[in-house]
Colleague: 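First, the structure itself, so that you have it in front of you.
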Amino acid sequence: MKRGLTNRHVQVMAIAGTIGTGLFLGAGRSISLTGPSIVLIYMITGAFMFLMMRAVGEMLYQDPEQHTFINFITRYLGKGWGYFSVWSYWLSVIFIGMAEITAISQYVQFWFPSWPGWLIQISFLVILGLVNLIAVKIFGEVEFWFAMIKIVAILAMIATGIFMVLTGFETPHGAASIANITNHFSLFPNGVVNFVMAFQMVFFAYLMIEFIGVTTSETKNPRQVLPKAVKEIPLRIGFFYGGALLSIMAIIPWKELGSADSPFVTVFQLAGVKWAAALINFVVLASAASALNSTLYSTGRHLYQIAHDSPNRFLKAIKADTLSRHNVPQNAIIASAVLIGLAAFINVLPGVSDAFALITASSSGVYIAIYILIMVAHLKYRTSKDFMADGYLMPYYKFLNPLTILFFIFVFVILFLQESTEMGAKGSAIWIVAFGIYSQWKFRK
């Protein structure tokens, strides 16, 4: 493939990759669960996601020619786990794409309620599919500007918070002040259970953070770009998540934040932006379109890899292992886009849409299993002949790697304790066991 992504593309995508749509829409709900301690949960979870990226970054630095970090699972844990991971990851990202395309239609209908959802979904899918098919440089440029929309929105929120606090800005909730955060502070204001439950909600806000690793094989000077992109993850998490959440709670006392409304809308309305709801709707639309754009990129590369490593009749028939004249896996991208496009028709079928919701929820748990396998593969890499002693090394890996695995297991267990995620957790557990056994049996020799 062509190395068409520049340092500018990768660094901004790395920033945006740590910022999920959930921050704009779900911040009120997460703050109402635990109050100011939600910032601590974001920081703890972000720290473990950073450690996972250090493990991925170390292996990709040693071999930047890989199209996907899943290859390291195959290399160090065997073909069985590699087969399980690449198919599970591809399907999980497909379902994320289906969820994003569904969200896109809802955001567009905010302005045009009479437009049919399926038409909006297919239109966005075709446009972003073409972006991915033209050239990787075009993908990088589009993703750069999608990312900038999210970044500017959060910077505007933080700037608004600082201005209001410094001027003692009066709101219907009282004066904006740091005291709104510290007053009646408690680590567990709504109990230990709600504090623990917030971890899984925050964890899924970080999903796809590993996407930056998929772009490595198409990045100019990967051994210069990759360490910088990974190294700055903690700073980005602290500034964007911590800054946004603290700004919100400084303006509106956290006990008065509702779980339903977006606090971003509320804050901008208090600042006098009458069209705040439309503004944030535009931001989350751009965020969802960015996620769909990245999904098409990622699923295309992974299906291309599958076609190379585990070819079957269908993949051979559609020539999923070939590149276009623009050096992109054209057929693999189109096949992935067609599957994602099924969401447009699944959502209008009542019985099927319920099953689709369950499958989408199940894919989240499968993600955790793949993250765990990545960490185990890293442990194996450290004792292999491939180990690069002067590479981009994960610090204190003997302690921090197993600790990260334990954290992922902790998040997976929490999924079984909440009614909204229990069915998805059971579905993912069944997939992990059943497909895991099949994959091991398939490559038993």
Side-chain angles (χ1 to χ4, degrees), residues 16-17 19-27 29 89-132 142-143 146 149-150 200-201 203-208 211 260-262 264-265 277-278 280-300 333-367 420-421 423-424 427-428 431:
I19 305 168
T21 308
L23 177 62
F24 299 101
L25 297 179
R29 182 172 172 230
Y89 186 83
W90 180 73
L91 286 170
S92 295
V93 179
I94 285 288
F95 288 125
I96 287 176
M98 287 179 162
E100 294 295 350
I101 201 175
T102 303
I104 283 171
S105 65
Q106 293 169 354
Y107 301 145
V108 172
Q109 285 173 332
F110 174 87
W111 293 296
F112 308 102
S114 63
W115 288 14
W118 66 268
L119 182 60
I120 298 169
Q121 292 173 37
I122 296 300
S123 299
F124 266 82
L125 189 61
V126 169
I127 292 169
L128 294 177
L130 290 173
V131 165
N132 273 269
V142 171
E143 196 59 24
F146 276 147
I149 292 170
K150 288 195 285 187
Q200 58 87 17
M201 187 188 306
F203 175 83
F204 292 120
Y206 287 110
L207 276 189
M208 294 288 285
F211 170 70
D261 299 327
S262 166
F264 274 75
V265 172
I280 298 305
N281 190 72
F282 172 72
V283 172
V284 293
L285 173 60
S287 182
S290 169
L292 179 60
N293 196 32
S294 299
T295 295
L296 288 169
Y297 178 97
S298 184
T299 51
I333 292 171
I334 293 172
S336 299
V338 169
L339 271 182
I340 293 171
L342 291 177
F345 306 101
I346 289 173
N347 286 319
V348 300
L349 303 173
V352 180
S353 63
D354 293 340
F356 167 62
L358 172 61
I359 293 169
T360 305
S362 299
S363 67
S364 301
V366 175
Y367 240 100
S420 61
T421 56
M423 286 302 293
S428 61
W431 173 266

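Quick note: residue numbers are just sequence positions, from 1. Note that this is a predicted model, so its numbers are computed, not measured.
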Colleague: For the CD1 atom of Ile96 and the CG atom of Leu91, what is their distance to the nearest 0.5 Å?
Modeller: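 Rounded to the nearest 0.5 Å, the CD1-CG separation comes out at 11.5 Å.
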Colleague: Please examine the side chains of Ile94 and Ser336, heavy atoms only from C-beta on, and report whether any two atoms are closer than 4.5 Å.
Modeller: yes
Colleague: Atom OG in Ser428, atom CE in Met423: separation rounded to 0.5 Å?
Modeller: 11.0 Å
Colleague: Side chains of Gln121 and Ile104: does their closest heavy-atom pair fall under 4.5 Å?
Modeller: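 In short, these two side chains do not touch, never coming nearer than 4.5 Å.
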Colleague: Counting C-beta onward and ignoring hydrogens, is there a side-chain heavy-atom pair between Phe110 and Val284 closer than 4.5 Å?
Modeller: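 They are not in contact (no side-chain heavy atoms under 4.5 Å apart), so the answer is no.
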Colleague: Can you tell me how far the CG atom of Leu125 sits from the CG atom of Leu292, to the nearest 0.5 Å?
Modeller: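 Taking CG in Leu125 and CG in Leu292, the distance rounds to 6.0 Å.
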Colleague: Flag yes if more than 12 heavy atoms outside Trp111 fall under 6.0 Å of its CH2 atom; otherwise flag no.
Modeller: yes
Colleague: Could you measure the distance from the CD1 atom of Ile340 to the CD1 atom of Ile122? Nearest 0.5 Å is fine.
Modeller: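 Result: 10.5 Å between the selected atoms.
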Colleague: Taking the side chain as every heavy atom from C-beta outward, state whether Phe112 and Ile120 have any atom pair closer than 4.5 Å.
Modeller: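 Heavy-atom side-chain distance check fails, nothing below 4.5 Å.
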Colleague: Is the closest side-chain heavy-atom distance between Thr295 and Ile101 below 4.5 Å?
Modeller: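 Answer no - side chains too far apart.
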Colleague: Of the non-hydrogen atoms in Lys150 and Ser290, which two are nearest, and what is the gap between them?
Modeller: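 Minimum heavy-atom separation between Lys150 and Ser290: NZ-OG, 4.4 Å.
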Colleague: Are the side chains of Phe203 and Tyr367 in contact, using a 4.5 Å heavy-atom criterion?
Modeller: no
Colleague: If we only count heavy atoms from C-beta on, is the Leu285 to Phe124 side-chain gap below 4.5 Å?
Modeller: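 In short, these two side chains touch, coming nearer than 4.5 Å.
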Colleague: Nearest 0.5 angstrom please: Tyr89 OH to Ser363 OG, how far?
Modeller: 11.5 Å
Colleague: What distance do Asn293 atom CG and Leu128 atom CG have between them, rounded to the nearest 0.5 Å?
Modeller: 5.0 Å
